[in-house]
Number of protein chains: 2
Amino acid sequence: MDGRDASVPGGVTIYEVARRAGVSIATVSRALRGTGPVAADTREKVLRAVEELRFTPSRAGVSLAEGRHAANGIVFPNLSGPYFAEVLIGYEEVTSELGRSVVILSTKGREPVRDLVRELAGRVDGLAVFGSTVPGDVVGELVASSLPLVLISHAPRPGAVTLRSENSEAARALAIHLRGHGHRRFVFLGAPYATGDDVDERWQGVRAVLGDAVEPVATAEYTVESGYQAALALLGGAGRPEAVICSDDEVALGVILAAERLGLSVPHDVAVTGWDDIMAARHARPGLTTVRQPMRELGAQAARALDRLIDGAGLERSHRTLGTELVVRDSCGPHPPGGQ
Amino acid sequence: MDGRDASVPGGVTIYEVARRAGVSIATVSRALRGTGPVAADTREKVLRAVEELRFTPSRAGVSLAEGRHAANGIVFPNLSGPYFAEVLIGYEEVTSELGRSVVILSTKGREPVRDLVRELAGRVDGLAVFGSTVPGDVVGELVASSLPLVLISHAPRPGAVTLRSENSEAARALAIHLRGHGHRRFVFLGAPYATGDDVDERWQGVRAVLGDAVEPVATAEYTVESGYQAALALLGGAGRPEAVICSDDEVALGVILAAERLGLSVPHDVAVTGWDDIMAARHARPGLTTVRQPMRELGAQAARALDRLIDGAGLERSHRTLGTELVVRDSCGPHPPGGQ
DNA sequence: TTGTACGCGTTATCAA
DNA sequence: TTGATAACGCGTACAA
């Protein structure tokens, strides 16, 4: 028993197993994969040799011969907040269940994104890409290529399978709820970066209801820190809005922190809402009113769609929208006890 | 221009590029990799053909020829909390910078972990594995194999490179600080699962200072929810401890929630401390006293150590401990204004 | 400066 | 039931 591994460099090969078992490599392959007939005692010999040599087929050899990598990739901007991590959890779980490995790529602050994506594309059978993580032309290149592709949180796009959570209706419902609290002057904090992305849909939905009563204000990023900084300016000066509708929960948590810092009460002095329903939204004080988005399910469905695409099970529905749910807690305004 | 990709199945091959450019595959390879001499105009022709055909070398072919995967793996239990995600961020960043892809594997709730790890091991040049994610015999198998291996948050182990944050001293410092607040009856919530893991070191350090004054209490998991449930029982009954020292921040946040639910004030009625200094620790109310652990750095150093191991730059220090820092906020007890 | 040809580790076809 | 052997796509001595 020598402790060599079957990794590419200097690993045990199928030839050594074959020699040790006194058979040909074809027989070893058949015995291991269960393809084709193998006599019971022959199989025994082979399995023994495999065990003694600790043989694992070289993945590169298998990939080359099989014509597939048995791996899928996923591209996201970063993993700092809960959102992408949650989606990744769902994606990894399903992909792994389907017998494929998961290769990740974070694009945040990295330069030739095109090269990185190409490199990744070359080692997987399919790719899931978050909207807004990759320049449009690179997406175009991917779409043009024959590589199975799913775009997460992305608007419908011809030639690609897209997937996202519902934004517009939930945004309307949220705006209506806030107006019901009697708020009149709103700010949408975390203004959208790109037309058609998730945040843009939320903004459009909110504006459709509130019209000129809501003003968009940008943040540097969709993070707690950015929300905090933006809110210090927003809430500290004159003309403080009555309600701050945030692009997402992290920004909203930053606003709550800023309000506390400024000695303002949420929701009495200012109402705050988020989006996503990350875990901290429930734990925040006051509890954060938000829109729940099925983050893991988003990743899981992306993985399943990709699998179907790879297995070429016909053309599948090219766009899918997952349901969301308004979660009313205490940050949006006072509710009568026993009510909603 | 035909939109075929260079993925394994049916991709454009180097032969087609060579034919189109009117050269041999050797020249194409040289032109692309910069190995060996190529005439300027020849290179032009090759690059043009590459662009027109959208050629990307098949990763499987390259891996087989080069004898390396240009990919590293990482094994963790799950990605639910910030801890593993943060370490992963550091790991991915450095690994990517070093020109390698990152393949992830989550073991939580998955069954033949040994098979999954073997599968992963077969497609990477090196592996980072969190302590306690993989059965001991599987770790043994990995150590015995020739695959470069780094164990994160793991005790020193002959034959493997290990890496962890400092626990014992910080735990002592924390315990001493708490005793300084006048607390006398302690619970360590989130009792260790395994001897020698991070939490065990924390527990040992705390007990070394507090002796019989501290009692270990287990939680189902190291999560907010588990901490919450455990704390409901712990704080709701008789004999409530004066201070709850938690295995990590998430459990501690659960305790704070439970205290609030029970109408108890932190730190007045009960002091609470965590470990890790995740972002929510700062945002919690009261601010959570904790021990800061350099999570990203842990991942980054694991990646670098693995790289050195792979490039065979001699035997490197086989165990490394990263510094931690006691972060005193308000959850551990009242501090004089202007103090600490 | 360029091309031929072999090797990398598998899978799978086709004879035997 | 088994064994030669031809792909698979690429890198690279070695020869030209």
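Numbers restart at 1 for each chain; the letters A, B, ... are given by sequence-line order, proteins then strands. Not measured: the values here are computed from a predicted model.
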Between the side chains of B:Ser24 and B:Tyr15, does any donor sit under 3.5 Å from an acceptor? no
B:Asp125 and A:Arg59 ion-paired at < 4.0 Å: no
Measure from the side-chain heavy atoms of A:Leu64 and tell me the nearest of C:dG3, D:dG9, D:dC10. D:dG9
B:Lys45 NZ to C:dG3 P, in whole Å, measures 8 Å
If you compare every side-chain N and O of A:Thr42 against the phosphate oxygens of D:dT2 (OP1, OP2), does one of them come in below 4.0 Å? yes
Terminal helix-axis angle for the helix from C:dT1-D:dA16 to C:dA16-D:dT1, with five pairs defining each axis and rounding to 10 degrees: 40°
How is B:Ala26 classified with respect to the nucleic acid when contacts are heavy atoms under 4.0 Å: base, sugar-phosphate, or nothing? base
Please list all pairs passing the salt bridge (charged side-chain N to carboxylate O under 4.0 Å, His left out) test where one or both residues lie in residues 80-89 of chain B, with sequence neighbours left out. B:Glu86-B:Arg296
Kindly state which residues belonging to residues 28-38 of chain A come within less than 4.0 angstrom of DNA chain D, counting heavy atoms of the residue only, listed by number. A:Arg30, A:Pro37, A:Val38
Would you call A:Arg100-A:Glu92 a salt bridge at under 4.0 Å N-O? no
Does A:Ser58 make a side-chain N or O approach to OP1 or OP2 of C:dG9 shorter than 4.0 Å? no
Got A:Asp115 and A:Glu119 here, is their nearest side-chain heavy-atom distance under 4.5 Å? no
Residue pair B:Ser24/B:Ala65 against DNA chain C: nearer the 5' end by closest nucleotide is B:Ser24
